[in-house]
Amino acid sequence: MMHVIGNVIAFVFMYLFLISIIMKLKSMKIFISDLNSYRIVPVKLLRVVAVFLLVSEVLVILSFWSNAPENHEWFSIVILLGFSIAGLYKSIHSKDSHDACSCFGEMTWLNANPFIRNIFLILLALFHLFFGPEARSSEELIYLGLAVFISLTTTIIIQNAKNRKRKKYFLQKAEHLLNHKKTEYILFVIGYKSPYMATIDHYLAITKGFYILFYAPDYVLALKTTKWCNHIVISIGSSNQVNHKHEDAAFVISKHNKKSTRIQDALAHINKF
């Protein structure tokens with residue numbers, strides 16, 4: 001029984017850390033920009049630290065898969081503690097931080113409650129350390145790898161389908177709101193719980209001329225409307241009944257003529273400037 005539980009824990013670590021790596025590699029510039037928002041690492045060292053974190057996550061995956069070297073779980077525990085401390089530091093020093101991180105990129109359901117998530121993973125690592133299997137057979141290594149691959153592939157397919165549906169919704173919303181007002185515009189679609197809120201907020205505070213479709217409760221809407229006074233802020237529906245599907249959104253829709261409309265991640269747009 002303990003052997004099976006140990007394999008399940010290894011699967012959890014491999015699955016989560018592999019998703020984290022893929023999302024970071026998919027948007028490396030966004031990853032570095034978000035890393036900079038913690039205000040811990042000097043700008044000149046951001047790329048070095050980003051590569052170090054990616055290599056560390058790869059080592060976590062390999063160590064849980066092979067169950068080697070001995071006591072490898074301590075390495076994972078140290079990394080998780082480091083992530084937790086960095087997150088707490090950011091939440092203390094950033095007024096706009098929320099109980100979410102951006103470790104898993106667009107898979108926002110994995111970004112919620114990072115501190116609780118990390119503590120849970122630390123407990124799993126400790127259980128694996130003291131009660132996990134001493135070694136895995138070749139067959140177990142193959143089955144474990146296949147399980148992670150199938151689960152990860154399924155997750156990515158489902159997430160891509162959700163993203164396409166979400167972007168289609170945003171495009172339709174933008175056309176409905178602005179089509180008759182302007183043939184050219186830049187519209188930010190932002191949810192107040194976006195893990196990139198601090199970076200987006202700073203950018204909007206020093207720029208002007210955008211439309212902002214903002215998903216937030218009344219008190220947050222009032223604060224940001226004042227701060228983003230150089231833009232046109234639009235709230236959808238009742239701001240006290242925020243659509244939870246979009247409260248972590250961070251997209252930019254840009255229309256340059258009647259035939260050219262583009263939607264992209266907000267940080268990808270910001271990083272161009």
Side-chain angles (χ1 to χ4, degrees), residues 9-69 71-91 97 100-115 117-122 124-125 128 141 144-145 147-157 159-160 163 194-196 198-199 248 250 264-268 270-272:
I9 292 174
F11 167 84
V12 170
F13 271 85
M14 292 172 64
Y15 172 79
L16 290 178
F17 276 83
L18 193 54
I19 286 180
S20 177
I21 291 172
I22 291 173
M23 292 300 105
K24 289 179 175 69
L25 290 175
K26 184 178 179 181
S27 306
M28 195 66 179
K29 287 185 178 180
I30 294 178
F31 170 43
I32 293 174
S33 177
D34 185 59
L35 190 61
N36 185 43
S37 69
Y38 283 79
R39 300 292 186 267
I40 297 175
V41 181
V43 176
K44 293 182 179 180
L45 297 178
L46 283 174
R47 290 185 178 276
V48 176
V49 173
V51 172
F52 171 78
L53 291 175
L54 287 171
V55 172
S56 298
E57 292 184 333
V58 170
L59 293 176
V60 169
I61 293 170
L62 293 176
S63 66
F64 270 95
W65 180 59
S66 63
N67 201 27
N71 298 328
H72 64 85
E73 294 88 351
W74 287 117
F75 179 64
S76 307
I77 292 170
V78 170
I79 291 176
L80 290 167
L81 284 174
F83 289 163
S84 299
I85 293 171
L88 287 174
Y89 177 86
K90 182 180 180 180
S91 66
S97 62
C101 68
S102 57
C103 305
F104 299 95
E106 62 192 29
M107 296 191 181
T108 53
W109 58 279
L110 289 173
N111 288 327
N113 304 308
F115 186 75
R117 182 194 66 225
N118 289 344
I119 294 299
F120 176 71
L121 289 176
I122 288 173
L124 288 183
H128 192 274
L141 293 177
L144 186 57
V148 172
F149 174 77
I150 293 172
S151 299
L152 185 65
T153 301
T154 303
T155 301
I156 292 175
I157 291 173
Q159 186 63 40
N160 287 339
N163 285 345
S194 167
Y196 309 120
T199 301
D248 57 1
Q264 63 182 149
D265 292 332
L267 288 192
I270 292 172
N271 286 332
K272 291 182 179 179

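Keep in mind that what you see is a predicted model, and the values were worked out from it rather than measured.
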Chemist: Got a second to check how far Leu18's CG is from Met23's CE, nearest 0.5 Å?
Modeler: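 Answer rounded to 0.5 Å: 9.5 Å.
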Chemist: Sequence neighbours excluded, which residues qualify as ring pair (Phe, Tyr, Trp, His ring centres under 6.0 Å) partners of Phe83?
Modeler: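 Applying ring pair (Phe, Tyr, Trp, His ring centres under 6.0 Å) to Phe83 gives none.
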Chemist: Could you give the distance from CZ (Phe115) to CG (Leu80), rounded to the nearest 0.5 Å?
Modeler: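 So the CZ of Phe115 and the CG of Leu80 are separated by 11.5 Å.
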Chemist: Got a second to check how far Ile19's CD1 is from Ile156's CD1, nearest 0.5 Å?
Modeler: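 It is 7.0 Å, given to the nearest 0.5 Å.
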Chemist: According to the ring-ring contact (aromatic ring centres under 6.0 Å, His included) rule, which pairs have a member within residues 20-67, sequence neighbours left out?
Modeler: Phe13-Phe64, Phe64-His72, Phe64-His128
Chemist: Report the C-alpha distance between Val43 and Leu46 in whole Å, list the side-chain angles of each, state the deciding distance to 0.1 Å, and finish with yes or no for side chain to side chain contact (heavy atoms under 4.5 Å, CB included).
Modeler: CA-CA 5 Å; Val43 176; Leu46 283 174; 4.3 Å; yes
Chemist: Find the distance between CG (Leu54) and CG (Leu25) and round it off to the nearest 0.5 Å.
Modeler: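 If I round to the nearest 0.5 Å, the distance is 5.5 Å.
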Chemist: Could I get the full list of side-chain hydrogen bond (donor to acceptor under 3.5 Å, both in side chains) partners for Ser66, not counting sequence neighbours?
Modeler: none
Chemist: Check whether any side-chain N or O of Ser20 sits under 3.5 Å from a backbone N or O of Leu16 as a donor-acceptor pair, and report yes or no.
Modeler: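 Looks like no, no N/O pair under 3.5 Å.
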Chemist: Looking at Ile61 and Met14, what are the two nearest heavy atoms and their distance?
Modeler: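 Answer, listing the atom of Ile61 first, then Met14: O-CG, 3.8 Å.
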Chemist: With side chains defined as the heavy atoms from C-beta onward, is the minimum distance between Lys24 and Ile32 less than 4.5 Å?
Modeler: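 No, side chains not in contact.
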Chemist: Please enumerate all residues that pass side chain to side chain contact (heavy atoms under 4.5 Å, CB included) together with Val51, with sequence neighbours excluded.
Modeler: Val55
Chemist: Can you tell me how far apart CD1 (Ile40) and CG (Leu45) are? Round to the nearest 0.5 Å.
Modeler: 13.0 Å
Chemist: Does the side chain of Leu35 come within less than 4.5 Å of Leu53's, by heavy atoms?
Modeler: yes
Chemist: Between Leu59 and Ile79, does a side chain to side chain contact (heavy atoms under 4.5 Å, CB included) hold up when you go through it step by step?
Modeler: CA-CA 11 Å; Leu59 293 176; Ile79 291 176; over 6 Å; no
Chemist: Would a distance-only check, ignoring hydrogens and angles, find a side-chain to backbone donor-acceptor pair under 3.5 Å from Ser151 to Val148?
Modeler: no
Chemist: So which pairs with a foot in residues 76-87 pass side-chain hydrogen bond (donor to acceptor under 3.5 Å, both in side chains), sequence neighbours left out?
Modeler: Ser84-Asn118
Chemist: Could you note down all residue pairs passing salt bridge (charged side-chain N to carboxylate O under 4.0 Å, His left out) where residues 37-52 supplies at least one of them, sequence neighbours left out?
Modeler: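 Pairs touching residues 37-52 that pass the test: none.
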Chemist: Evaluate the side chain to side chain contact (heavy atoms under 4.5 Å, CB included) criterion for residues Val12 and Leu121: first the C-alpha distance (whole Å), next the side-chain angles of each, then the deciding distance (0.1 Å), finally the verdict.
Modeler: CA-CA 9 Å; Val12 170; Leu121 289 176; 4.1 Å; yes
